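Please read the structure below before turning to the comments.
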Amino acid sequence: MIIVTTDAIPGREIRDIIGMVKGSTVQSKHIGKDFMAGLKTIVGGEIKEYTDMLNEAREKAIERMVDEARNAGANAIVGMRLQSSSVMQGASEIIAYGTAVWID
């Protein structure tokens, strides 16, 4: 599956636009890791626990978007975007979305 953030794929022609596809997940961290991340805000620096959580969430959201595109008969996704929102303290939703297409 080719995934691009642009509306076209250089050197490839879009033969069919299948439609919007998306994948999302809501991730949270273990209370112990959340506590350690809270302590990190006092001393400063990267909060690795949240970086890892968001990386994991992005991967899952993209994987689910790709599954939806494959099930719809696509072999590429153009205009892919990622968006996040806070659902509650320590939990974030990540959504990946784009346009499923068939390319040559």
Side-chain angles (χ1 to χ4, degrees):
M1 180 74 59
I2 296 172
I3 304 171
V4 296
T5 58
T6 57
D7 293 332
I9 301 169
R12 306 297 286 269
E13 186 174 341
I14 295 175
R15 290 290 180 189
D16 190 22
I17 296 173
I18 296 169
M20 189 188 95
V21 290
K22 82 269 177 240
S24 67
T25 185
V26 176
Q27 294 282 112
S28 67
K29 275 293 176 194
H30 180 276
I31 189 74
K33 289 186 178 187
D34 197 40
F35 176 73
M36 295 305 290
L39 290 176
K40 187 69 168 187
T41 62
I42 295 169
V43 296
E46 179 181 8
I47 303 172
K48 184 138 174 51
E49 292 81 7
Y50 286 116
T51 300
D52 293 344
M53 178 187 75
L54 291 172
N55 282 335
E56 214 175 285
R58 278 190 289 274
E59 288 175 20
K60 284 182 185 179
I62 291 170
E63 182 180 313
R64 290 174 181 171
M65 176 189 63
V66 167
D67 288 345
E68 188 173 307
R70 276 197 184 110
N71 290 337
N75 66 353
I77 299 170
V78 297
M80 194 278 289
R81 299 289 185 268
L82 289 167
Q83 188 170 349
S84 66
S85 63
S86 179
V87 176
M88 58 187 277
Q89 186 174 354
S92 291
E93 177 190 32
I94 301 289
I95 184 166
Y97 61 95
T99 303
V101 297
W102 182 262
I103 58 171
D104 283 339

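Please read all numbers here as calculations on a predicted model, not as lab measurements.
Grouped by direct or indirect side-chain proximity (heavy atoms under 4.5 Å, Ile/Leu/Val/Met/Phe/Trp/Tyr only), Ile9 sits with Ile2, Val4, Ile14, Ile17, Val78, Val101, Ile103.
If you chain together hydrophobic residues whose side chains sit under 4.5 Å apart, Met80 and Val66 fall into the same group. A chain of hydrophobic side-chain contacts below 4.5 Å, direct or via other Ile, Leu, Val, Met, Phe, Trp or Tyr residues, connects Ile77 to Leu82. Grouping the Ile, Leu, Val, Met, Phe, Trp and Tyr side chains by contacts below 4.5 angstrom, directly or via other members, places Ile18 apart from Ile62.
In this view, Arg58 and Asn55 satisfy the side-chain hydrogen bond (donor to acceptor under 3.5 Å, both in side chains) rule, not counting sequence neighbours. Under the side-chain hydrogen bond (donor to acceptor under 3.5 Å, both in side chains) criterion, Thr51 pairs with Glu46, not counting sequence neighbours.
Gly98 and Met65 get closest at one heavy-atom pair: N-SD, 4.0 Å. Of all heavy-atom pairs between Ala100 and Ala74, the closest is CB-CB, 3.6 Å. Heavy atoms only, all atoms of each residue included: Met1 and Ala69 are closest at CE-CB, 4.0 Å.
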(message) For a side chain to side chain contact (heavy atoms under 4.5 Å, CB included) check, start with the C-alpha distance between Ile94 and Gln27, then their side-chain angles and the critical distance, and finish with the verdict.
(response) CA-CA 8 Å; Ile94 301 289; Gln27 294 282 112; over 6 Å; no
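For residues 77-88, no residue pair satisfies the salt bridge (Lys or Arg N to Asp or Glu O under 4.0 Å) rule, not counting sequence neighbours. Among residue pairs with one or both ends in residues 65-77, those qualifying as salt bridge (Lys or Arg N to Asp or Glu O under 4.0 Å) are Lys22-Glu68; sequence neighbours excluded. Pairs passing the side chain to side chain donor-acceptor pair (under 3.5 Å) check and including a residue from residues 5-21, sequence neighbours excluded, read Glu13-Arg15, Arg15-Asp104.
The line from OG of Ser24 to NZ of Lys60 is 12.0 Å long, rounded to the nearest 0.5 Å.
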